[in-house]
Amino acid sequence: MPFIIDAHQDLAYNALTFGRDYLLSASEIRQLEKDTPTPQRTGHSLLGWADYQRAQIAVIFGTLFLAPRRYQAGSWESQVFSEPAEARKLYEKQLTYYRRLSDEHPDKFRLIYNQADLRQVLEPWEKNPAVLPSANSPETEPQETVTHPVGIVLLMEGAEGIQAPEEMEEWWDLGVRIAGPVWAGTRFCGGTIEPGDFYREGYALLEVMGSRGYTLDISHMNEASALQALDRYNGPVFASHANARALLKDVEGERHLTDTVIRRLIERDGVMGVIPFNRFLRPSWSNSDDRQLVTLHTLAAHIDHICQLAGDARHAGLGTDFDGGFGWPAVPYEINTIADLQKLSSILSEYGYPDDDIRDILSGNWRRHLERTLPET
Ligand SMILES: [Zn+2]
């Protein structure tokens, strides 16, 4: 069972908004939230540390994510901002959340800042898979428990807290290694909710990011801003979480990548993480629909589409965005928690992908990217 690298998870946002404790398992989180409004607001949790172990999740890209106040979903949503100064304070809180997770529970989570950290996190996963007794039948066949720390690479999603482009230098020093300038639409560039091009300040931001070695995440850009960014940015690029627009009939908006953008990304040796969120796989989907309408085959079709455009399996990956604004039941039929992601292997193998390609899709492509882009120390 190959380990997995998941390029997009909003752990800090969820922990600070809903009080989710990711040291617990998804089923424990669900139990605690049973009589609360949280499942209505964001769905049932799909992950927790035990589920990472069962899923063989070795590394995640953990986001610093905030929503502009004009998109606040309700008064309960705390991670929203009106001004960059307010956003900065919230980003700092989210950064503190990840640091505490890593400092206080080094057996469970480790922040990854550089190549040495990456090697240290991956080594035990390469030697032995994690083994945890099944959540459903803990009594049967007592097995030896093997667990490994999960690595976290910090990803700033939206750059909303940035007042001046030079601040990206400080965030690099604080440990952020990946950033996207937009979520809804910012003064840097148009996004998937608010259209627009790249603006002067956006280009200045790209310049600072490139000089420090950031990976540019083009998720949440629209087609125009993504193409402009790909033209201009001289550093590494990828899309941490987006699906293929060509497969989404009648989809509105620009949240998903056109084949033109995907091809450009591939030319730059970028990787694209697909999202197992039902509305991003079948736009008309609602939680009252039959869950069998969207399966891991539907997700695999997006992976296959990227691989067909590339002519190889070196540019597709996973960016689940799990617990990021949706949860169970809004995920493919086979998924109860993130542990079920491993079922994707057999589906890709039905598509004809050999084991090496499957390993690349589950983790190898993101790994190669990290090995190419993280600083040595
Ligand atoms: Zn997002």
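Numbering of ligands and ligand atoms starts at 1, following listing order. Only heavy atoms go into these numbers, but all of them, side chains included; no hydrogens, no water, no symmetry mates.
- Figure legend: Arg232 and Tyr203 shown as a cation-pi pair, the cationic atom lying under 6.0 angstrom from the six-membered ring centre and within 45 degrees of its axis.
- Checked against a 6.0 Å centroid threshold, the rings of Tyr214 and Trp171 do not count as neighbours.
- Below 30°, between 30° and 60°, or above 60°: for Tyr353 and Tyr351 the angle between ring planes is between 30° and 60°, a tilted geometry.
- Shown are the protein N/O/S atoms under 2.8 Å from the Zn ion (ligand 1), given by residue and atom: Glu157 OE2, His220 NE2, His241 NE2.
- Contact check on Arg264 versus Asp231 returns a salt bridge, with a Lys/Arg side-chain nitrogen under 4.0 Å from an Asp/Glu carboxylate oxygen.
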Show me the side-chain donor-acceptor pairs of residues 176-184 shorter than 3.5 Å, one per line, residues at least two apart or across chains.
{"from": "Arg177", "atom 1": "NE", "to": "Tyr113", "atom 2": "O", "distance (Å)": "2.9"}
{"from": "Arg177", "atom 1": "NH1", "to": "Trp172", "atom 2": "O", "distance (Å)": "2.7"}

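- Hydrophobic clustering keeps Val131 apart from Phe3 (ILVMFWY residues linked when any side-chain heavy atoms are closer than 4.5 Å, directly or through intermediates).
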